[in-house]
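Order of listing sets the numbers, starting from 1, for every ligand and every atom in it. Along the sequence shown, residues are numbered consecutively beginning with 1.
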Amino acid sequence: MQKNNLGYPRIGAGRELKKACEQYWSGKLNRDELLDVAERLRRENWQVQQQAGIDLIPCNDFSFYDQVLDMSLSLGAIPKRYNPVLTQNRDHTELDLYFAMARGYQKGGIDITAMEMTKWFDTNYHYIVPEFYKNQSFKKFSSKITDQFSEAKKLLDKTPKPVLIGPVTYLLLGKEKEEGFNRIDLLDRLLPVYVDFLHDLKELGAEWVQLDEAFLSLDLSEKERDAYKTAYAYIARECPELKIMVATYFEALGDNTTLATSLPVSALHIDLVRAPQQLDAVLQATPHTLSLSLGVVDGRNIWKNDYKKSLDLIDKAIAKLGKDRIFIAPSCSLLHSPYDLDAETTIAPEIKNWMAFARQKLNEVSELYKIVEGEVSLLKENSKVHEERRTSERIHKVEVKSRVDGITETDTLRKSPFSARQKAQQERFGLPLFPTTTIGSFPQTPDIRKLRAQLKKGSITQQEYTSKIEEATIEAIRIQEEIGLDILVHGEFERNDMVEYFGELLDGFVFTQNGWVQSYGSRCVKPPIIFGDVSRPNDMTVQWSRFAQEHTDKVVKGMLTGPVTILQWSFVRDDQPRFETAFQIALAIRDEVIALEKAGISMIQIDEPAIREGLPLHKKDWDKYLDWAIKAFRISASGVKDETQIHTHMCYSEFNDIIGHIAAMDADVITIETSRSQMELLEAFSEFSYPNEIGPGVYDIHSPRIPTVKEMTALLQKATALLPIENIWVNPDCGLKTRKWEETEAALRNMVRAAATLRKEVKQRV
Ligand code: GLN
Ligand code: ZN
């Protein structure tokens with residue numbers, strides 16, 4: 001039996017890599033200094049893993065930006081537009097090329113766009129999407145894979161295990177950038193380069209190589225399954241001396257179980273945290289030539305492992321395969337875990353005792369090993385912690401649980417159907433056609449952020465802070481009035497982050513000081529931790545919405561984050577199903593919605609930008625998820641009178657496949673992203689007639705560019721061809737907190753003009 005690890009976080013316990021990269025980008029650090037920081041981080045990570053007793057320590061899991069981009073660079077899949085980066089300037093190195101691909105390049109008259117970025121399966125990590133062209137070729141380009149193997153080998157007592165993205169997954173992660181071919185057909189050209197790397201590694205002394213093939217746990221087409229057979233038969237034939245471990249994670253193998261277990265490789269890693277139920281089927285299908293790596297320690301969450309549960313799985317596998325063919329491991333790369341729980345000093349000791357971060361998870365792998373080898377006292381200690389957690393009064397609130405149990409169908413329904421509500425709301429608000437509004441936040445200027453830092457440090461009082469935020473709010477109201485927007489917002493100046501703000505005001509959440517997880521490149525997030533039953537001790541936003549409303553005669557929209565988004569962007573409980581937690585949050589938000597209504601707020605927006613990213617990886621599981629997610633939203637939104645208008649907001653354009661469910665949320669108004677896709681999304685509406693009011697975003701807030709009246713008018717004209725005119729709202733794609741005031745004012749002025757143009761046109765039509 002051996003202890004295996006799939007990957008380790010690389011940003012550094014104090015986000016050293018983030019800081020060093022950003023300094024390098026701004027010219028404050030030179031290349032050698034950056035390389036030094038990286039080398040030190042790798043060394044520390046390897047040493048930590050060695051000390052924890054891990055046998056198969058990963059290498060090549062380090063990355064300056066993203067491991068998929070690393071793979072593209074290793075394989076020479078470099079889009080042509082980056083050629084000038086190396087040819088134009090002699091001082092430029094492979095590293096500059098790499099960062100140009102990640103972040104774009106604007107220097108010396110050259111302007112090259114970055115490669116696209118997208119979410120890594122169902123995580124909050126984003127990878128750089130490989131670009132494939134019809135005449136795509138691959139060749140050994142970067143020597144990172146072998147360099148890092150040699151570096152690790154020098155340092156470690158045992159032979160390190162290089163980790164590469166598997167060839168089929170690599171192709172599937174990418175995108176065809178031209179018509180007329182399927183990226184899977186590039187496999188024949190790709191495999192020889194993989195084999196080259198494997199030979200090099202063998203030469204340098206490698207024994208095990210891990211090939212990550214997460215797509216084996218997704219729905220696959222026949223062609224994709226065949227690609228797996230071809231790829232691994234080829235590798236087995238060309239590299240018979242290497243031991244290959246195929247790693248899967250984030251889901252059960254499901255329909256691909258036999259495919260995966262019959263690949264001619266030495267070991268298969270499976271995720272038994274997300275999908276413990278797959279063990280029986282996998283054991284059944286495992287041939288005697290295959291070893292299994294059991295992913296029993298959760299790489300995606302921060303809770304202490306329940307050894308008893310893990311041992312049940314491990315024992316079962318040992319009974320079938322024997323110890324020699326078993327690896328104990330985390331469920332996936334620890335990239336998705338924060339570094340080190342020991343660095344936290346503010347979490348209550350009782351709660352902290354329930355948790356494990358990356359470093360602690362290594363130790364859990366090692367302790368599980370020891371228990372199997374007979375050190376049962378470790379099991380007893382662990383069971384005690386879990387017993388304490390199961391019964392802790394900090395977690396379990398009878399009132400919250402019984403309120404969730406008592407949710408009825410009525411709680412998910414508005415009093416009247418949309419048509420009646422629309423009428424009541426039209427009478428109440430008397431809005432013009434094409435009403436204009438924004439998504440909620442206004443620029444979070446350095447001044448605003450400084451206030452929060454000062455408050456945290458104690459260099460200003462709560463009172464001083466509040467009055468400064470009030471000033472900013474009044475100013476935002478004045479600017480919106482002056483621009484001529486129809487529906488105003490308070491600007492969200494009091495919020496650091498749309499989830500953290502609510503988490504801090506709700507019971508059942510804790511926050512870390514250093515619990516950073518890489519989101520993309522140098523960007524890290526510090527997700528709140530939901531540890532207990534969620535409830536709302538006090539109003540959360542009423543004061544701010546009321547304050548803003550008192551300063552204008554126009555309607556001010558209240559602004560809340562929805563239950564699914566709060567859930568999705570936090571570390572969640574593993575001791576109850578996700579939907580249970582979602583319903584608890586939904587009831588808290590429902591109370592806030594009702595409190596806002598009582599305070600005289602007549603429009604309330606409940607943002608749910610994360611609904612889509614919660615979609616399960618297997619399509620067969622979609623409906624079940626969407627049912628409870630939509631229900632959670634409806635619970636939060638349904639406690640108000642007909643004439644109170646509920647808005648929701650989502651910022652993505654691919655929702656054609658779930659549009660029926662989005663409609664079922666039954667928000668009176670939905671605002672969505674559409675401008676980047678030129679309203680492509682609206683085409684969905686030619687087949688599905690969206691029943692309620694809708695504001696398709698008319699400009700992209702991610703760019704500092706100021707959109708013209710003409711282009712926004714054109715987008716709106718497109719919308720009028722597909723949607724009933726009286727249902728159309730006019731708004732940007734998303735919140736404006738990352739923009740500057742100058743850009744914001746100019747863009748909104750143009751947007752208001754575009755709406756006026758449309759109103760005129762429509763008048764002329766009748
Ligand atoms: N109301 C939020 C804002 O305007 C919405 C942000 C989001 O959709 N991500 O910032
Ligand atoms: Zn948004």
Side-chain angles (χ1 to χ4, degrees), residues 117 119 124 126 436-445 448-449 452 469 472-473 476-477 479-480 485 487-503 519-520 523 525 527-528 540-541 544-545 548 556-570 589 592-593 596 601 603-614 633 636-637 645-655 662 665 667 669-677 681 694-703 729-741 743-744 747-748 751:
M117 188 166 70
K119 281 169 69 73
N124 241 329
H126 300 70
T436 53
T437 190
T438 62
I439 306 304
S441 58
F442 274 116
Q444 289 263 334
T445 56
I448 298 280
R449 272 175 286 163
R452 233 180 323 274
I469 297 286
T473 308
I477 292 283
I479 294 172
Q480 293 174 80
L485 288 155
I487 301 299
L488 314 191
V489 296
H490 75 284
E492 301 182 24
F493 301 109
E494 77 287 7
R495 302 184 191 175
N496 37 2
D497 170 273
M498 65 188 287
V499 171
E500 196 173 335
Y501 178 79
F502 290 93
S519 169
Y520 65 86
R523 211 185 128 73
V525 294
M540 302 186 284
T541 64
W544 290 109
S545 290
V556 176
K557 211 169 22 164
M559 207 47 69
L560 303 172
T561 302
V564 184
T565 299
I566 292 181
L567 182 84
Q568 200 61 33
W569 292 350
S570 302
I589 300 295
E592 184 72 13
V593 170
L596 282 168
I601 303 303
M603 278 186 197
I604 300 158
Q605 178 172 310
I606 308 170
D607 291 326
E608 283 289 23
I611 280 208
R612 191 176 205 290
E613 65 191 56
F633 177 84
S636 69
Q645 190 171 70
I646 298 290
H647 291 224
T648 189
H649 164 72
M650 285 164 200
C651 27
Y652 41 81
S653 49
E654 332 80 49
F655 77 22
I662 304 279
M665 290 167 76
V669 183
I670 182 171
T671 55
I672 43 171
E673 185 208 304
T674 41
S675 75
R676 271 185 290 188
S677 58
L681 155 87
I694 181 162
V698 292
Y699 78 86
D700 177 14
I701 58 90
H702 298 93
S703 157
W729 284 66
V730 179
N731 46 262
D733 267 349
C734 192
L736 296 158
K737 71 174 182 191
T738 56
R739 295 269 60 87
K740 297 203 172 76
W741 265 114
E743 301 153 5
T744 300
L748 290 178
M751 187 185 88

*His649 and ligand 1 - part of the residue with a heavy-atom distance under 4.0 Å*: side chain
*Looking only at distance, does Glu492 have an N or O less than 3.5 Å from an N or O of ligand 1?*
yes
*Would you kindly specify which portion of Ser441 sits under 4.0 Å from ligand 1, judged on non-hydrogen atoms: side chain, backbone, both or neither?*
both
_Proximity to ligand 1 by part of Met650, non-hydrogen separation under 4.0 Å_ = neither
*What protein N/O/S atoms lie closer than 2.8 Å to the Zn ion (ligand 2)?*
His649 NE2, Cys651 SG, Cys734 SG
*asked:* Would the distance check show the side chain of Glu673 and the main-chain N or O of Gly697 forming a donor-acceptor pair, the cut-off being under 3.5 Å?
replied: no
*Are any non-hydrogen side-chain atoms of Tyr501 and Thr561 less than 4.5 angstrom apart?*
no
*Pull out every atom of ligand 1 sitting under 4.0 Å from any heavy atom of Pro609, numbered as shown with elements.*
8 (O), 9 (N)
*For ligand 1, is there an N or O atom under 3.5 Å from any N or O atom of Trp569?*
no
*Examine distances only and state if a side-chain atom of Ser703 and a backbone atom of Asp700 form a donor-acceptor pair shorter than 3.5 Å.*
no
_Quick one about Gln444 and Arg452 (side-chain donor to acceptor, distance below 3.5 Å, no hydrogens or angles considered), yes or no?_
yes
*When you measure from atom 6 (C) of ligand 1 to every protein heavy atom, which one gives the shortest distance, and what is it?*
Met498 SD, 3.5 Å
*Under 4.0 Å from a heavy atom of Gly440: give me the atoms of ligand 1 that qualify, with their elements.*
4 (O)
_I'd like to check which ligand 1 atoms, numbered from 1 as shown, lie under 4.0 Å from a non-hydrogen atom of Gly735._
3 (C), 4 (O), 10 (O)
*asked:* Show me which atoms of ligand 1 lie under 4.0 Å from any heavy atom of Cys651.
replied: 7 (C), 8 (O), 9 (N)
*Distance-only polar pair, side chains of Glu592 and Thr541, donor-acceptor under 3.5 Å*: yes
*Does the N or O separation between Ile439 and ligand 1 drop below 3.5 Å for any pair?*
yes
*asked:* Ring centres under 6.0 Å, that's the criterion: do Phe493 and Trp544 meet it?
replied: no
_Subset of ligand 1 atoms that lie under 4.0 Å from at least one heavy atom of Asp607_ = 1 (N), 2 (C), 5 (C)
*Is there a nitrogen or oxygen of Gln605 sitting under 3.5 Å from a nitrogen or oxygen of ligand 1?*
no
_OG-CD1 distance between Ser636 and Ile606, expressed to the nearest 0.5 angstrom_ = 4.0 Å
_With side chain to side chain contact (heavy atoms under 4.5 Å, CB included) as the criterion, how do Ile670 and Ile662 come out once you've worked through the C-alpha distance, each side chain's angles and the decisive distance to 0.1 Å?_
CA-CA 9 Å; Ile670 182 171; Ile662 304 279; 3.4 Å; yes
*Do His649 and Thr671 have a side chain donor and acceptor closer than 3.5 Å?*
yes
*Side chains of Thr648 and Glu608: is there a donor and an acceptor less than 3.5 Å apart?*
no
*With a 4.5 Å heavy-atom cut-off, do Glu492 and Lys737 have their side chains touching?*
no
_With rounding to the nearest 0.5 angstrom, report the NE2 to NZ distance, His490 to Lys557._
12.0 Å
